[in-house]
J.: 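First the structure, which I've put down as structure tokens, then a few questions once you've had a look.
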There are 2 protein chains.
Amino acid sequence: MATLDLSPISDVFRHQGYNGASLSMIAEAVGLKRASLYHRFPGGKQEMAEAVLADVREYFLINVVGPLHSNESPADRLIQAIDGIRIFYRDGRKSCLIDVLSLGEPAALFRPYISELIAAWTDAMTVVSRDSGHTEVRARQLAEESLIRIQGALVVSRSMMASDVFTRVLDSLPDHLLA
Amino acid sequence: MATLDLSPISDVFRHQGYNGASLSMIAEAVGLKRASLYHRFPGGKQEMAEAVLADVREYFLINVVGPLHSNESPADRLIQAIDGIRIFYRDGRKSCLIDVLSLGEPAALFRPYISELIAAWTDAMTVVSRDSGHTEVRARQLAEESLIRIQGALVVSRSMMASDVFTRVLDSLPDHLLA
DNA sequence: GTCTATAGCTTGATAGAC
DNA sequence: GTCTATCAAGCTATAGAC
């Protein structure tokens, strides 16, 4: 087998949280036995979560942060980034790793990864907002506000099983973020 | 002993999530042994979470929903509700039960409680927004938006250990919600 | 590189003394 | 009403056959 597809593991963590995700669940999701996971991830569960976070980081850099830095028009850049976000969260049906991995005692292990991810995301949204005509300070405010709205929409969508909340927030992003 | 103070249990759930909260942690937090918890909560862990949710519901009805329905000015009502919210979330340092209890397989057990809580909260914010001059439809949009911003701010605050994000969102609520 | 088997521990929950 | 003692089941992780 080549390199392992991490998305089933990601799904387990996102649905169950770090504590709730057992190696049995993960093993079943990837189609291996528990012990075999230790061949791929000698560091155990923690290493699996770190691998998933690295995977998510790569996805965001390519599909969200990258487009936001391109040389197209701010509106076109944002539309591409929104597509990347929509796909990652499956229209609001999948939780955010940032959210679920910041719970409990193990959260401290992942805080550095998560902080960097949030910073890169916020910076990229700041750039596109500023390029659309806002001042640097205002652009930063709007970018932070956008991140908050996305994360909040994910929580509310999940709690109420109403993913249209998330879709609506994503659709309104251009109006909020661009001048 | 009279009736048990539920806030230590609430804190454990909010910090660890439902799966991450073990009876050992809860017992230590309340100062009892594991077995003694079953005298207060024969239904075990699930009953503890339900009791905490009922407690939270009562707090919100008294300190958030109630003030929003009073006969004072919309601005004064909202200020009181914001105080209730700020205290409940300890300036953003405590997570939201709505968030942490909607993770994993046990989430289905709590969905009815959580949905009702969110609905009552959103309705109350809709009332105060409408009373300030907005149309019913617009008021509802703004109320939903406010809930999203609060929940998002809690997630971002927790992830980045920056509780000022939460404080800023709460402070901006009157401008967002009232006409 | 995947498996079976198992060690050692913690979990949620129960029984029964006081 | 709280405790000690205990249970079966689940957990993470390891050892070693193939």
Side-chain angles (χ1 to χ4, degrees), chain A residues 1-55 95 97 100-111 113, chain B residues 1-55 95 97 100-111 113:
Chain A
M1 200 180 217
T3 50
L4 197 60
D5 176 19
L6 293 175
S7 58
I9 307 185
S10 179
D11 285 351
V12 174
F13 280 122
R14 287 165 80 176
H15 188 239
Q16 307 288 342
Y18 185 79
N19 286 312
S22 71
L23 294 199
S24 302
M25 294 176 189
I26 294 171
E28 191 184 0
V30 303
L32 289 175
K33 296 296 176 182
R34 273 201 308 279
S36 306
L37 289 172
Y38 285 89
H39 181 258
R40 317 295 193 111
F41 308 99
K45 191 171 164 179
Q46 179 180 336
E47 189 177 333
M48 296 176 209
E50 285 167 350
V52 164
L53 269 174
D55 204 44
S95 301
L97 272 177
V100 306
L101 289 186
S102 62
L103 276 182
E105 144 94 19
L109 303 171
F110 309 119
R111 197 149 285 138
Y113 301 80
Chain B
M1 199 181 220
T3 50
L4 198 60
D5 176 19
L6 293 176
S7 59
I9 306 184
S10 178
D11 285 351
V12 174
F13 280 122
R14 287 167 78 177
H15 188 233
Q16 307 287 343
Y18 184 78
N19 286 312
S22 71
L23 294 198
S24 302
M25 294 176 188
I26 294 172
E28 191 184 1
V30 303
L32 289 175
K33 296 295 177 183
R34 273 202 308 279
S36 306
L37 289 173
Y38 285 89
H39 181 258
R40 316 296 191 112
F41 307 98
K45 192 172 165 180
Q46 179 179 339
E47 189 177 334
M48 297 177 209
E50 286 167 350
V52 164
L53 269 175
D55 205 44
S95 302
L97 275 177
V100 305
L101 290 186
S102 61
L103 275 184
E105 143 94 19
L109 303 170
F110 310 119
R111 198 149 284 139
Y113 300 81

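Here is how names work: the chains are called A, B, and so on, in the same order as the sequence lines, proteins then strands, and each is numbered from 1.
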J.: Minimum heavy-atom separation for B:L53 and B:Y113, please, with both atom names.
T.: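 Closest approach of B:L53 to B:Y113, heavy atoms only: CD1-CB, 3.8 Å.
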
J.: When you measure from the side-chain N and O atoms of A:S36 to the phosphate of C:dC3, is any distance below 4.0 Å, counting only OP1 and OP2?
T.: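 For A:S36, the contact criterion (side-chain N or O under 4.0 Å from OP1 or OP2 of C:dC3) is met.
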
J.: Can you measure A:F41 atom CZ to D:dA13 atom C1' for me and round it to whole angstrom units?
T.: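 Nearest whole value for this atom pair: 15 Å.
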
J.: If I take atom NE2 in residue A:H39 and atom P in nucleotide D:dG16, what distance separates them, rounded to the nearest angstrom?
T.: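 Nearest whole value for this atom pair: 17 Å.
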
J.: Measuring only between side-chain heavy atoms, which start at C-beta, is A:L103 closer than 4.5 Å to B:L103?
T.: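 Yes, side chains in contact.
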
J.: Please give, in whole Å, the distance from D:dT4 P to B:K33 NZ?
T.: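 Interatomic distance, NZ of B:K33 to P of D:dT4: 5 Å.
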
J.: Whole-Å distance between D:dC3 C1' and B:R40 CZ?
T.: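 Computing the B:R40:CZ to D:dC3:C1' distance gives 13 Å.
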
J.: Can you name the closest pair of heavy atoms from B:G104 and B:N19 and give their distance?
T.: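 That would be CA-ND2, 4.4 Å.
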
J.: Would you say the side chains of A:R34 and A:S24 form a donor-acceptor pair under 3.5 Å?
T.: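 Side-chain D/A pair, A:R34 to A:S24: present.
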
J.: Compare every heavy atom of B:E105 with every heavy atom of A:Q16, then report the nearest pair and how far apart it is.
T.: OE1-N, 3.5 Å

J.: Do any N or O atoms of the protein come closer than 3.5 Å to N or O atoms of nucleotides 11-13 of chain C, and which pairs are they?
T.:
residue : atom : partner : partner atom : Å
C:dT11  : OP1  : B:S22   : OG           : 3.2
C:dT11  : OP2  : B:S24   : OG           : 3.1
C:dG12  : OP1  : B:A21   : O            : 3.4
C:dG12  : OP1  : B:K45   : NZ           : 3.0
C:dG12  : OP2  : B:L23   : N            : 2.6
C:dA13  : OP2  : B:Y38   : OH           : 2.8
C:dA13  : OP2  : B:K45   : N            : 3.2
C:dA13  : O5'  : B:Y38   : OH           : 3.1

J.: Just by distance, do the side chain of B:Y18 and the backbone of B:Q46 share a donor-acceptor pair under 3.5 Å?
T.: yes

